[in-house]
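In what follows, a single structure is set out as structure tokens and then discussed.
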Amino acid sequence: MYFSKLFVPTSRQDPSEAELISHKLMIRSGMIKKTAAGIYNWLPFGLKVLKKVETIVRTNLNNFGAQEILMPMVQPAELWKESERYDQYGKELLKFQDRSERDFVLGPTHEEIMCEIFRSYAISYKDLPINMYQIQTKFRDEIRPRFGVMRAREFLMKDAYSFDIDSSSMEKSYVNMKNAYISIFNDIGLDYRIVKADAGNIGGDVSEEFHILADSGEDLLAISDSSEFAANVEVLNYDKDPSELDGSKSPDGKGKLRIKRGIEVGHIFQLGQKYSEKMSANLKDSSGKDINVYMGCYGIGVSRIVAASIEQNHDDKGIIWPYSIAPFHVNVICLDPSKEEVLKECESVYQILKDAGHEVLLDDRDIRAGNKFTENEILGIPFSIVIGPRNYANNKYEFNSRKTNEKLELNIDEIKQILEEQK
RNA sequence: CGGGGCAUAGCGCAGUCUGGUAGCGCACCUGGUUUGGGACCAGGUGGUCGCAGGUUCAAAUCCUGCUGCCCCGACCA
């Protein structure tokens with residue numbers, strides 16, 4: 001992609017609306033643009049990152065046996081009345097009417113629709129387990145949306161639902177999804193923790209959260225320094241200031257608790273029969289008896305991961321993308337594109353790397369060098385290659401790492417080698 | 001929903017107290033000089049001062065009502 005053809009409206013000033021660093025940087029790097037409180041546009045650069053996260057999520061879930069579907073965002077209120085969440089869910093549930101005054105809601109989650117799908121077919125216990133997911137825009141009318149896409153009203157979520165014949169197979173489905181999540185978050189490559197969690201108003205007995213660690217995280221996590229114990233402090237029923245937990249004995253008796261801040265990006269639940277009872281999502285077991293299906297549900301805040309990544313990885317110059325979700329892998333910075341021989345050399349390097357399967361940006365804009373360097377840093381592209389009149393005839397190129405700030409003189413094969421190792 | 005703040009050019013802001021021809025920086029456009037770390041000089045475009053009423057000879061400025069946005073809290077993936 002040629003930079004001159006990309007719409008990336010960067011800004012050198014912090015927006016007045018933003019407080020959080022990820023929010024500021026997402027606006028300054030031209031990734032997002034707000035339309036209303038908690039409602040955002042994803043511009044080309046931001047969308048590239050969002051799609052990267054989406055692809056990692058999709059690929060892993062498919063590998064772990066889940067099947068992608070797409071459910072409607074607009075849902076009839078009747079289903080929500082049936083599950084009794086029409087009144088319970090609270091004002092976060094956006095309600096409205098169509099032209100003939102029928103009640104609808106804008107989907108904040110899809111247990112009701114999922115049950116409706118399940119119960120409308122004659123499904124045998126032999127068909128189970130079934131696990132279906134979607135990656136879709138959700139709407140929750142937050143009391144106070146804030147921090148950009150971190151806590152938006154409209155946001156991109158992956159939600160998955162598993163169906164099993166009994167409790168023990170539901171647990172197997174749950175563990176399978178937990179493993180899928182571990183694989184997803186390992187692939188993304190951010191520092192994360194899995195903690196015991198409060199199931200909140202989704203319901204169910206067992207639930208765990210995936211948190212990306214960051215000092216700005218809204219959740220406090222209590223993590224043992226010498227065992228597997230890790231929990232959201234919400235579940236500890238501790239009546240004092242949670243920061244006092246730091247250094248106290250771990251509930252499992254092993255080691256001391258350390259308090260860390262996290263951003264919740266995934267939450268998995270064993271729902272049991274909570275929804276299937278209310279919604280009559282049944283099937284027959286091997287003895288012919290009607291059973292309410294055992295469900296699990298599994299969420300990932302896809303758009304939130306983008307912001308959380310920036311919270312965890314940035315410096316005073318801008319974003320630092322992990323290779324896995326970077327909008328581009330390498331930026332070929334052409335310092336004087338008006339000189340034909342320089343531009344030719346840049347295009348040649350660009351093409352070679354592209355042909356080798358890397359995602360390359362060519363900054364061919366006829367602007368000052370400093371602007372290109374500074375924007376490259378704000379945008380956080382992992383590697384850059386600087387080619388100018390001074391060094392274009394060389395067979396060595398200036399190769400820079402955004403993360404380490406390292407500057408190397410490398411030939412094209414050495415560069416290919418390094419990029420190959422990142423995959 | 002309670003408390004606090006803000007709304008003036010694309011962005012960031014001053015001007016409001018004390019009413020009297022709407023300004024600054026950045027961005028953008030023209031020309032020139034520059035050209036490896038957000039260049040410089042000269043010129044230029046761009047505003048129903050959030051909206052609706054009111055007071056006044058005169059309102060960005062004073063009064064009333066409304067709307068939107070931000071922060072703190074309660075709440076929540």
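Residue numbers start from 1 in every chain, and the chains themselves are labelled A, B, ... in the order their sequence lines are given, proteins ahead of strands.
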Open item on the list: Please report the distance, rounded to the nearest Å, between CG in A:Asp198 and C1' in B:rC75.
Closed with: 13 Å

- [ ] Tell which nucleotide pairs with B:rA42, taking only Watson-Crick or G-U wobble pairs whose two distances are both under 3.5 angstrom.
- [x] B:rU30

Open item on the list: Using whole Å, what does the distance between atom C1' of nucleotide B:rC11 and atom CD1 of A:Ile27 come to?
Closed with: 11 Å

Open item on the list: Considering every strand and a 4.0 Å limit on heavy-atom distances, what is the contact class for A:Ala36: base, sugar-phosphate, or nothing?
Closed with: sugar-phosphate

Open item on the list: Rounding to an integer number of angstrom, what distance separates B:rG12 and B:rC66 when you compare their C1' atoms?
Closed with: 27 Å

Open item on the list: Is a donor from one side chain sitting under 3.5 angstrom from an acceptor on the other, for A:His358 and A:Gln422?
Closed with: no

TODO: Could you check how far CZ of A:Arg146 sits from P of B:rG4, rounded to whole Å?
DONE: 19 Å

TODO: For each nucleotide in nucleotides 31-39 of chain B, reading 5' to 3', give B when a protein heavy atom comes within less than 4.0 Å of its base, S when such contact involves only the sugar-phosphate, and - otherwise.
DONE: ---B-BBBB

Task: Distance-only donor-acceptor test, A:Arg140 side-chain atoms vs B:rC76 base atoms, 3.5 Å - done: no

TODO: Please state the C1' separation for the pair B:rG47 and B:rA39 - nearest whole angstrom.
DONE: 29 Å

TODO: Could you tell me whether A:Asp315 and A:Arg402 have a side-chain N and a carboxylate O separated by less than 4.0 Å?
DONE: yes

- [ ] Give the rounded distance in Å between these two atoms: CD of A:Glu218 and C1' of B:rG73.
- [x] 13 Å

Task: Phosphate-side-chain proximity, A:Arg144 and B:rC71, N/O vs OP1/OP2 below 4.0 Å - done: yes

Task: Rounded distance in Å between the P positions of B:rC70 and B:rA52 - done: 23 Å

Task: Salt bridge A:Arg119-A:Glu82, side-chain N to carboxylate O under 4.0 Å - done: yes

- [ ] Could you tell me which nucleotide pairs with B:rC51 by Watson-Crick or G-U wobble geometry, both distances under 3.5 Å, or answer none if nothing does?
- [x] B:rG65

Task: Interatomic distance where CD1 belongs to A:Ile263 and C1' belongs to B:rC76 [whole Å] - done: 16 Å

Open item on the list: Please give the distance between the C1' atoms of B:rC75 and B:rG2 as a whole number of Å.
Closed with: 13 Å

TODO: Check every strand shown and say whether A:Glu142 touches a base, only sugar-phosphate, or nothing at a heavy-atom separation below 4.0 Å.
DONE: base

- [ ] Could you please name the partner base of B:rU35, counting Watson-Crick and G-U wobble pairs only when both distances are under 3.5 Å?
- [x] none

TODO: Round to the nearest Å and state the distance from A:Leu271 atom CG to B:rA77 atom P.
DONE: 13 Å

TODO: For A:Phe147 and for A:Val265, find the nucleotide of RNA chain B with the closest heavy atom, then tell me which residue's nucleotide is more 5'.
DONE: A:Phe147

Open item on the list: Between B:rG68 and B:rC49, how many Å separate the two C1' atoms, rounded to a whole number?
Closed with: 16 Å

Open item on the list: Return the pairing partner of B:rC17 with a 3.5 Å limit on both distances, Watson-Crick or G-U wobble; otherwise return none.
Closed with: none

TODO: Check for a donor-acceptor pair, side chain of A:Asn179 on one end and backbone N or O of A:Asn176 on the other, with a separation under 3.5 Å.
DONE: no

Task: A:Asp246 and A:Arg258 ion-paired at < 4.0 Å - done: yes

Task: Distance, P atom - from B:rC6 to B:rU61, rounded to whole angstrom - done: 15 Å

Open item on the list: Taking the C1' atom in each of B:rC24 and B:rG46, what is the distance between them to the nearest angstrom?
Closed with: 15 Å

Open item on the list: With salt bridge (charged side-chain N to carboxylate O under 4.0 Å, His left out) as the criterion, how do A:Glu111 and A:Lys278 come out once you've worked through the C-alpha distance, each side chain's angles and the decisive distance to 0.1 Å?
Closed with: CA-CA 11 Å; A:Glu111 283 81 9; A:Lys278 290 214 167 74; over 6 Å; no

TODO: Name the nucleic acid region contacted by A:Gly299, choosing base, sugar-phosphate or nothing; use a 4.0 angstrom heavy-atom cut-off, strictly under.
DONE: nothing

Open item on the list: From CD1 of A:Ile194 over to P of B:rA77, roughly how many Å is that when rounded to an integer?
Closed with: 19 Å

- [ ] Find which nucleotide of RNA chain B each of A:Arg151 and A:His23 is nearest to by heavy atoms, and output the residue with the more 5' nucleotide.
- [x] A:His23

Task: Listed once per pair and sorted, the side-chain hydrogen bond (donor to acceptor under 3.5 Å, both in side chains) pairs that draw on residues 22-36 of chain A, sequence neighbours left out - done: A:Ser22-A:Glu311, A:His23-A:Tyr40, A:Thr35-A:Asn41

Task: From A:Gln136, A:Gln134, A:His267, residue fulfilling side chain to side chain donor-acceptor pair (under 3.5 Å) relative to A:Asp159 - done: A:Gln134

TODO: Using distance alone, with no hydrogens and no angle criterion, decide if A:Gln417 and A:Asp413 have a side-chain donor and acceptor under 3.5 Å apart.
DONE: no

Open item on the list: Rounding to an integer number of Å, can you tell me how far A:Asp219 CG sits from B:rC76 P?
Closed with: 12 Å

Open item on the list: Pairing check on B:rG73: which nucleotide meets the Watson-Crick or G-U wobble criteria with it, both distances under 3.5 Å?
Closed with: B:rC1

- [ ] Using a 4.0 Å heavy-atom cut-off across all strands, classify A:Lys372 as base, sugar-phosphate, or nothing.
- [x] nothing

Open item on the list: Regarding A:Glu92, tell me which of base, sugar-phosphate or nothing describes its non-hydrogen contacts under 4.0 Å with the strands shown.
Closed with: sugar-phosphate

Open item on the list: Distance check, P atoms only: B:rC13 and B:rA58, in whole angstrom units.
Closed with: 34 Å

